[in-house]
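Data block below; observations after.
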Amino acid sequence: MPLIPQPPAVGRFDTAVHQWITRHDVPAKVDAGLVRLSGFADHSKLWGVTALAMIPMGQRGRKASLRGILSLAVASASANIIGKTVFGGPRPLARSVPLARRLMKHPTSGSFPSGHSASAAAFATGATLEWPAAGIVLIPLAGAVCYSRIHVGAHWVSDVVGGAALGAGIAVAGKILLPGKPPGEAQIPAGQPVKLAPIEDGEGLFVVVNPGSGAERRNAPDPVKIIRERLPRTKIHELAKGEDLPQLFRDAVDAGATAIGMNGGDGSVSAAATVAMEKDVPLVVFPGGTLNHFAKAVGLSEYDTVLDVVQAGDGIAVTTGVLEIDGKPANAVLNTFSIGVYPELVTEREKHEKRWGKGLAGIYAAGKVLRQAEPLPLTVNDHEGQRWLLFAGINRYFPRTLAPVERKRLDDGLLDIREALVKGRRSRLKTFLETAGGSTADRIARRTPYVREHLGVEDYTVQDLNVSWSPRDPKDGPVIVAHDGETTEVPQDTYAVRLAAKPQALRVYAPSAPC
């Protein structure tokens with residue numbers, strides 16, 4: 001006997017809806033599908049599988065699956081332990097439902113609220129609050145589970161509505177009470193804190209603005225106006241086509257500049273960093289490019305943050321990569337260096353990661369790019385072999401897969417290497433599966449004796465990387481070396497590249513205290 005009986009008007013409405021649904025026929029496949037879906041949702045099996053599938057989809061996927069499962073656990077307990085005790089009530093009779101729609105075992109517990117609906121709504125709402133793009137799939141799936149409980153005669157419509165409201169409400173309350181850490185917010189300095197000279201009005205600062213960088217972004221701010229408002233004495237030069245960017249910085253330092261700044265993408269920032277290290281002056285990085293990987297890594301995603309740290313004199317020292325091609329120095333490497341298909345893999349991933357998340361987009365990109373890839377015969381630190389790609393990150397990159405995404409620190413003082421080797425039969429397929437498995441599967445595989453002997457992707461750290469290859473057939477074209485979003489064609493008669501990690505080589509105005 002429920003503690004709180006159902007109002008008569010609700011009972012009449014439930015009966016009318018139940019009779020209307022049961023007397024309307026649908027295709028047999030629809031009946032069978034809804035019965036299977038309802039059964040698969042028993043004991044939250046459906047949501048457990050969904051949560052596991054979201055884990056390899058990057059940080060957002062993991063956070064969404066965790067919030068979804070926690071919301072589900074609270075909602076399920078609230079519905080089944082508290083709700084059914086207080087409200088309960090009889091369920092629809094099994095014999096009132098067409099035979100094709102009946103469950104193998106008709107439930108006998110209290111009817112209100114629907115535990116299946118509470119769990120479905122809680123998981124879908126919780127995960128969507130953490131990762132909105134996931135709602136495109138999860139909300140319709142949760143809606144289908146909720147309706148299936150009415151269709152198979154396990155619940156009245158009021159049970160389902162009440163359960164869904166309970167589940168969604170618990171998920172929303174959980175997000176309010178435990179909002180979690182905002183994505184992308186820097187919690188600790190990215191490098192070794194150093195004290196730099198405060199630049200309060202811009203005196204001594206020379207900044208180059210690349211007008212073409214980030215121009216395709218909607219509502220892109222005017223960097224010249226922003227800098228002038230806060231640092232009126234800054235010398236600002238707008239880069240013209242054909243100008244020698246490193247020489248502009250060298251001339252400025254020789255003329256008395258005590259700090260140099262760059263408003264542009266990673267390629268332009270690496271050119272500025274080269275001169276900053278050469279002339280031993282600090283660097284100011286404005287997030288004026290399209291992607292701004294280095295600016296984000298040091299905690300400078302907003303112009304106001306850059307200007308705040310410049311005026312306060314806050315800074316960090318970071319590890320950089322010193323690159324030589326055929327013995328001749330190239331620009332400093334701040335983020336990544338690669339030979340092979342890595343640039344195409346990242347480009348393809350970034351096309352889809354906003355909609356799918358980095359994990360799922362990375363799996364798709366790996367499948368598409370590896371299908372068309374041709375291996376390169378390379379000698380890497382005296383180890384010969386054919387490779388699909390060679391990747392070197394400046395400092396440790398995560399996750400530990402073939403297509404890493406982010407760094408936690410910029411002062412590790414080493415190079416993080418990933419190699420995709422051509423090993424044995426079906427090497428292309430094995431490389432894809434290792435990439436798709438993610439970091440968790442990779443850790444398990446490397447601890448499994450037989451499996452680890454056949455892995456094609458290797459990761460390790462070094463301080464120096466030496467790469468060479470035999471002269472290629474002219475019809476194959478030059479070898480493409482990519483670094484910080486830029487590509488360099490290495491001529492046919494050139495076959496040696498060296499990359500070395502240089503700890504604390506670059507001083508950057510950046511947040512230097514925990515926030």
Side-chain angles (χ1 to χ4, degrees), residues 1-26 30-31 33-44 46-47 71-126 128-129 135 138-176:
M1 183 76 180
L3 298 178
I4 300 178
Q6 183 188 68
V10 174
R12 290 192 295 270
F13 176 76
D14 281 342
T15 301
V17 173
H18 176 74
Q19 291 176 345
W20 186 88
I21 290 175
T22 55
R23 69 171 176 259
H24 282 80
D25 293 332
V26 296
V30 174
D31 280 334
L34 289 171
V35 169
R36 282 195 291 269
L37 177 63
S38 187
F40 190 35
D42 285 348
H43 309 296
S44 299
L46 170 63
W47 306 113
S71 301
L72 180 153
V74 176
S76 179
S78 300
N80 292 301
I81 298 175
I82 301 173
K84 291 184 185 294
T85 300
V86 175
F87 298 98
R91 295 176 183 260
L93 297 174
R95 63 174 180 267
S96 68
V97 182
L99 187 61
R101 302 182 187 181
R102 295 181 192 175
L103 299 172
M104 292 288 292
K105 184 178 180 181
H106 197 72
T108 57
S109 60
S111 190
F112 186 94
S114 165
H116 284 66
S117 301
S119 297
F123 183 89
T125 304
T128 300
L129 288 171
L138 297 179
I139 291 175
L141 181 59
V145 170
C146 290
Y147 173 73
S148 75
R149 302 303 288 173
I150 302 171
H151 192 82
V152 301
H155 281 287
W156 307 103
V157 66
S158 64
D159 302 338
V160 168
V161 171
L166 173 66
I170 286 173
V172 171
K175 182 66 174 176
I176 294 171

Run the numbers on Val35 and Met104 for side-chain contact (heavy atoms from CB on, under 4.5 Å), then give the verdict. CA-CA 9 Å; Val35 169; Met104 292 288 292; over 6 Å; no
Given the rule in the side-chain contact (heavy atoms from CB on, under 4.5 Å) test, do His116 and Asp42 qualify, once you have shown the distances and angles that lead to the verdict? CA-CA 7 Å; His116 284 66; Asp42 285 348; 2.6 Å; yes
Are Ile21 and Tyr147 close enough, and set up right, to give a side-chain contact (heavy atoms from CB on, under 4.5 Å), and what steps lead you there? CA-CA 11 Å; Ile21 290 175; Tyr147 173 73; 3.8 Å; yes
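Legend: salt bridge (Lys or Arg N to Asp or Glu O under 4.0 Å) pairs involving residues 167-176, not counting sequence neighbours, sorted by first then second residue: Glu130-Lys175.
Nearest heavy atom pair, residue Ala118 against residue Ala79, reads CB-CB, 3.9 Å. Of all heavy-atom pairs spanning Ile170 and Ser78, the tightest one is CD1-OG, 3.7 Å. When all heavy atoms of Gly126 and Ala171 are compared, the closest pair comes out as N-CB, 3.6 Å. For the residue pair Gly162 and Pro113, the shortest heavy atom distance occurs at C-CB, 4.2 Å. Closest non-hydrogen pair, Val157 versus Phe13, comes out as CG1-CE2, 3.5 Å. Minimum heavy-atom separation, Gly135 to Pro140: O-CD, 3.4 Å.
Between atom OG of residue Ser148 and atom CZ of residue Arg36 there is a gap of 12.5 Å, rounded to the nearest 0.5 Å. The CG atom of Leu37 lies 6.5 Å from the CG atom of Leu141; values are rounded to the nearest 0.5 Å. Rounded to the nearest 0.5 Å, atoms CH2 (Trp47) and CG (Leu138) are 6.5 Å apart. Residue Thr128 holds its OG1 atom at 9.0 Å from CZ of Phe123, rounded to the nearest 0.5 Å. With rounding to the nearest 0.5 angstrom, the CG atom of Leu166 is 9.5 Å from the OG atom of Ser119. Residue Ser158 holds its OG atom at 6.0 Å from CZ of Phe112, rounded to the nearest 0.5 Å.
Applying the side-chain contact (heavy atoms from CB on, under 4.5 Å) rule to Asn80 yields the partners Ser76, Lys84; only residues at least two apart in sequence or on another chain are considered.
Under the side-chain contact (heavy atoms from CB on, under 4.5 Å) test applied with Ser38, the options Leu46, Val145, Val152, Ile150 reduce to a single match, Val152.
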Expected list for residues 88-95: side-chain donor-acceptor pairs under 3.5 angstrom, two or more places apart:
residue, atom, partner, partner atom, Å
Arg91, NE, Ser109, O, 2.9
Arg91, NH1, Ala154, O, 2.8
Arg91, NH1, His155, NE2, 3.1
Arg91, NH2, Ser109, OG, 2.8
Arg91, NH2, Gly110, O, 3.4

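A distance-only check finds no donor-acceptor pair linking the side chain of His106 to the backbone of Arg102 [under 3.5 Å]. Between the side chain of Thr125 and the main chain of Ala122, no donor-acceptor pair closer than 3.5 Å is present.
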